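Report on one structure; see the data block that follows.
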Amino acid sequence: MVKIFYRRISIYEISEIDITFGEIKNTNYIQINEAPSRAKMIVRNDDLIVSTTRPSRGAIAYINQSENELRIASTGLLF
């Protein structure tokens, strides 16, 4: 049996990357059972995420958040 420790997760989407400052503009919080199928990558502090969708847009962000929660990113982001 698998235990779920987190009921709510924060999810990072490509559209939420501020390409001017290289950081996440908004963090969306959702219930874990409502996560989209593309939300599969676990994000940790000090990760650098890069969009693989339309890479010429320059969507790159450094993750430095002190929140103690499960953070998930879209599979359209590379670590």
Side-chain angles (χ1 to χ4, degrees):
M1 183 168 111
V2 176
K3 291 185 179 182
I4 298 176
F5 295 100
Y6 298 95
R7 298 205 186 283
R8 186 179 84 143
I9 60 173
S10 58
I11 183 167
Y12 298 142
E13 297 280 352
I14 297 167
S15 61
E16 296 301 325
I17 296 176
D18 183 332
I19 60 172
T20 303
F21 297 105
E23 57 190 24
I24 303 295
K25 293 186 283 190
N26 296 311
T27 302
N28 297 315
Y29 295 93
I30 60 173
Q31 297 297 318
I32 197 164
N33 59 340
E34 296 173 357
S37 61
R38 66 186 178 280
K40 296 183 180 183
M41 309 294 282
I42 295 175
V43 179
R44 296 180 187 92
N45 273 345
D46 298 325
D47 277 348
L48 184 68
I49 58 176
V50 179
S51 172
T52 58
T53 306
R54 290 180 283 154
S56 61
R57 183 174 169 256
I60 300 170
Y62 175 70
I63 304 300
N64 185 15
Q65 297 182 353
S66 60
E67 300 164 356
N68 187 19
E69 61 190 18
L70 182 61
R71 293 171 291 184
I72 304 292
S74 166
T75 54
L77 294 166
L78 180 66
F79 296 79

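Keep in mind that what you see is a predicted model, and the values were worked out from it rather than measured.
For Ala61 against Ile24, the heavy-atom pair with the smallest separation is CB-CD1, 4.2 Å. Nearest heavy-atom pair, Ile72 versus Leu70, reported as atom, atom and distance to 0.1 Å: CD1-CG, 4.0 Å. Here the closest heavy-atom approach between residue Ile19 and residue Ala59 is recorded as CG2-CA, 3.7 Å.
Listed by chain and number, the residues in a side-chain hydrogen bond (donor to acceptor under 3.5 Å, both in side chains) with Asn33 amount to none (sequence neighbours excluded).
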Legend entry - From CA spacing to verdict: side chain to side chain contact (heavy atoms under 4.5 Å, CB included), Ile30, Ile9: CA-CA 6 Å; Ile30 60 173; Ile9 60 173; 3.8 Å; yes

Inset, instruction - Kindly determine whether Arg71 and Asp47 satisfy side chain to side chain contact (heavy atoms under 4.5 Å, CB included), including the steps that lead there. - result: CA-CA 11 Å; Arg71 293 171 291 184; Asp47 277 348; over 6 Å; no

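Counting heavy atoms from C-beta on, the side chains of Ile14 and Arg57 come closer than 4.5 Å.
Counting only residues at least two apart or on different chains, the salt bridge (charged side-chain N to carboxylate O under 4.0 Å, His left out) pairs with a member in residues 11-39 are Glu13-Arg38.
For the residue pair Asp46 / Tyr62, a side-chain donor-acceptor distance below 3.5 Å is found, with atom types taken as modelled.
Cluster annotation: Ile42 and Ile32 are assigned to the same hydrophobic cluster (Ile/Leu/Val/Met/Phe/Trp/Tyr, side-chain heavy-atom contacts under 4.5 Å, transitive).
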